[in-house]
Amino acid sequence: MKTVIKEIIICALDRAKRAGELELGNPPDVVIEKPKDEKMGDFATNVAMTLARKERKNPKVIAAIISRHMETGVAGLDSVEIAGPGFLNLKMSPSFFLNRLTDAVQQRNDFGKSSVGQGIKILIEFVSANPTGPLHIGHGRGAAVGDTLARILKKAGYDLSTEYYVNDVGNQMNTLGRSTWLRYLELLGRTKEFPKDHYRGEYIKDIAQSVIDQQGNEFLDKSEEECVPFFREIAKEKILEGIRQDLSDFRVTFDNWFSEQSLYEDNSVERAIEWLRDKGHIYDKDGAVWLKSSAFDDDKDRVIVKQTGEKTYFCSDIAYHQNKIKRGFKKLINLMGADHHGYVPRMEAVLQAMDYDKNIFKILLIQFVSLLRGGKKVSMSTRSGEFETLSDVVSEVGVDAARYFFLMRSSDAHLDFDLELAKQETPENPVFYIQYAHARICSIFRGSKDKGIQFPENTNVDLSPLVEEEEYSIIKAILTFPEVVEKSALALEVHRISHYLLDLVSRFHGYYSRHRVISDDIPLTLARLYLLDGLRVTIRNGFDLMGISVPEKM
RNA sequence: GCGCCCAUGGCUCAGCUGGAUAGAGCGACGGUUUGCGGUACCGUAGGUCGGAGGUUCGAGUCCUCCUGGGCGCGCCA
């Protein structure tokens, strides 16, 4: 919608230039915004102010020149006014908005789509939790944000893929296997000391029990060396299965699950090291192999092969990201918990060492979540293994509320997740407030049907009976949806959608309480139903992006 | 010590590449309904945008310093 307005301004600037009234060396970047107050107009621009310096003219003078070159009555433009320090406020004709509402409604599920992404191939990697235990609440936030971001980017026209990187290599996996084996022995009455740094969660005992159920005491008298590999594999599989299940219950799916192990199996890791060595980014010191990451803004160099000959996690990550780029992705987005932020510079260093533009790589840090119950913090004692799991939270508050709460705040701000509030079915709970609006609209449609009013599904309705200021304010709000999606995509910010929907829906509730939709005035009724249809489409599309359901009845 | 994130009414947060008089919700106080879902609506009070400088036509937004809180700084992943 704003692009249309932009055209109008650019056109006027062009005319002013040809008339010799403005210099306009480089075409200015025209920014269209909403006036402070709706009464001032429908759109505003500050071009006159941004041009003031270059043109060496008073902003108000420039504004006057531009406005003189704008044609009212054309392209839906009703009037132009100069306001404040040099704003141009534009008023549009009613038909301008009504036509666009019709477009929006007809697009149905596609409303909100755009092409800013230009089909660019993007890979977004998120969650990627180690397969050593169930997903906790922090992973949940990452999952919700990553999944929603993926949906938003797709809607904005990117060619998007999602991936989960499985860290199925390394010490932690052996520790996992050993933990399970020890629990197995314990369950069979042969207690050994359980080391502090091993995985103590109940889920380990469950896995050990399942081994007993299926294979009895077969491993009771075998050596540790014989047992650990077996227990490692079975535990990994069970846990991964659980993670997949938790995620799918949470409406999060991945296009690909990428195994770290596979990078060793096909020698990618070796090749990446050799490649970097040839380029001179690697050196040997103290019996270890180091990457000269300090040459690229990292604090210090990093070990990629330990004295023991084992590769570090960071080492396979180099191969992994090289692999991503080789698969043709033009932009890589990684979501990580904020506690890993120290990892950012070294990853950026890797990309640069490989001669890639570091701007193709974007790490989004997701800040911590605090669970609250009745305003009080729920303590998370990870030491005992009794932390709040994602699945516990989801089963307590439901997927819709959980996703909404994870998505309602800017990702780089700490999140207070109030379990009690999330469960409430009252307007204080924004999820229900929005869902309620949708259900209410659906209810009105049911009511109109009962009254025998035929709402034409696929044809246009005469919208001229819509004359109320509130109706236009709702229409305008609906029409900004594509811009919200676009901006969310460009800024990689998911919380904008929830804020937008909340605002949209509160306009509707206010309107509803002051105006009747269904009345004896059939043309008016149809026009208002059409407006509500637009609202319904927008709410649904917005919640689709967030992965939240839109019930027709509650 | 170094680095990253955060700081906006009593509480939880918005504030879109710097723009017009800083906005919501909750809580508080006061109202609204014999009509489509009151699981709703309307109004009032409440702010030196953590502090101090700076950049400019203009700063909650950008820069510097400081304070307070969170998180990192492994041949762990």
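Sequence lines set the chain letters: A, B, ... in the order given, protein chains first and strands last, and positions in each chain run from 1.
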[N] phosphate, OP1 or OP2, under 4.0 Å from [X] side-chain N/O:
X	N	answer
A:H495	B:rU12	no
A:R514	B:rA40	no
A:S513	B:rC41	no
A:Y511	B:rC36	no

Donor-acceptor contact present, side-chain [X] to main-chain [Y], <3.5 Å:
X	Y	answer
A:R178	A:V228	no
A:H321	A:D317	yes
A:H281	A:A353	yes
A:D301	A:W290	no

Item to check | Residues A:Y500, A:T480; criterion side-chain contact (heavy atoms from CB on, under 4.5 Å); working and verdict | outcome: CA-CA 9 Å; A:Y500 166 77; A:T480 49; 3.4 Å; yes
Take the protein atom [atom1] of [X] and the nucleotide atom [atom2] of [N], then report the distance between them rounded to whole Å.
X	N	atom1	atom2	result
A:K34	B:rG23	NZ	P	13 Å
A:M49	B:rU17	CE	P	17 Å
A:F406	B:rC13	CZ	P	15 Å
A:F508	B:rG37	CZ	C1'	10 Å
A:E493	B:rC13	CD	C1'	14 Å

Whole-Å [atom1] distance, [N] and [M]:
N	M	atom1	result
B:rG25	B:rU39	C1'	16 Å
B:rC6	B:rU61	P	13 Å
B:rC57	B:rA14	C1'	27 Å
B:rG27	B:rG19	P	32 Å
B:rU67	B:rA24	P	36 Å
B:rC2	B:rC49	P	29 Å
B:rC29	B:rC65	P	47 Å
B:rA22	B:rC41	P	26 Å

Touch check for [X], heavy atoms < 4.0 angstrom, all strands: base, sugar-phosphate only, or nothing?
X	value
A:P345	nothing
A:D450	nothing
A:A83	base
A:N171	nothing
A:S410	sugar-phosphate
A:V344	nothing

| query | Can you find a donor-acceptor N/O pair under 3.5 angstrom joining the side chain of A:D168 to the base of B:rA77? | reply |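 It does not, because no donor-acceptor pair links the side chain of A:D168 to the base of B:rA77 below 3.5 Å.
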Restricting to ring-ring contact (aromatic ring centres under 6.0 Å, His included), what partner residues turn up for A:Y404, sequence neighbours left out?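 In terms of ring-ring contact (aromatic ring centres under 6.0 Å, His included), with neighbours along the sequence ignored, A:Y404 is linked to no residue.
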Does one side chain, of A:D412 or A:S410, offer a donor that lies under 3.5 Å from an acceptor on the other?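 Side chains of A:D412 and A:S410: pair found under 3.5 Å.
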### Message
Do A:D400 and A:Q435 pair up side chain to side chain, a donor and an acceptor below 3.5 Å, judged on atom types alone?
### Response
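Their side chains do contain a donor-acceptor pair, which is all the 3.5 Å distance test asks for.
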- Message: Taking the six-membered ring of A:F405 as reference, does the cationic atom of A:R141 (NZ for Lys, CZ for Arg) lie under 6.0 Å from its centre and within 45° of its axis?
- Response: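 The answer is no; the distance or angle limit is not met.
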Over 12 non-hydrogen atoms of neighbours within 6.0 angstrom of [atom1] in [X]:
X	atom1	value
A:K306	NZ	yes
A:E310	CD	yes
A:K449	NZ	no

Nucleotide of B:rA20, B:rC13, B:rG38 approaching A:Y436 most closely (side-chain heavy atoms):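 For A:Y436, the side-chain atoms sit closest to B:rG38.
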Looking at B:rA20 and A:F87: do their rings stack (centroid distance under 5.5 Å, interplanar angle under 30°)?
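Stacking is present between B:rA20 and A:F87, given that their ring centres fall under 5.5 Å apart and the planes under 30°.
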| query | Who are the salt bridge (Lys or Arg N to Asp or Glu O under 4.0 Å) partners of A:D42, not counting sequence neighbours? | reply |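 By the salt bridge (Lys or Arg N to Asp or Glu O under 4.0 Å) rule, A:D42 matches A:K476.
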Looking at residues at least two apart in the chain, or sitting in another chain, which of them share a salt bridge (Lys or Arg N to Asp or Glu O under 4.0 Å) with A:R440?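 Checked A:R440 against salt bridge (Lys or Arg N to Asp or Glu O under 4.0 Å); zero matches.
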Using nucleotides 68-75 of chain B, report all nitrogen or oxygen pairs with the protein that are shorter than 3.5 Å.
from	atom 1	to	atom 2	distance (Å)
B:rC73	O2'	A:K300	NZ	3.4
B:rC75	O2	A:Q307	N	2.7
B:rC75	N4	A:D286	O	3.3

Taking Watson-Crick and G-U wobble contacts under 3.5 angstrom, with | marking pairs to another strand and [ ] crossing pairs, the secondary structure of RNA chain B is written (((((((..((((.....[...)))).(((((.......))))).....(((((..]....))))))))))))....
Heteroatom pairs (N/O) under 3.5 angstrom, protein to nucleotides 33-35 of chain B:
from	atom 1	to	atom 2	distance (Å)
B:rG35	O2'	A:R516	NH1	3.4

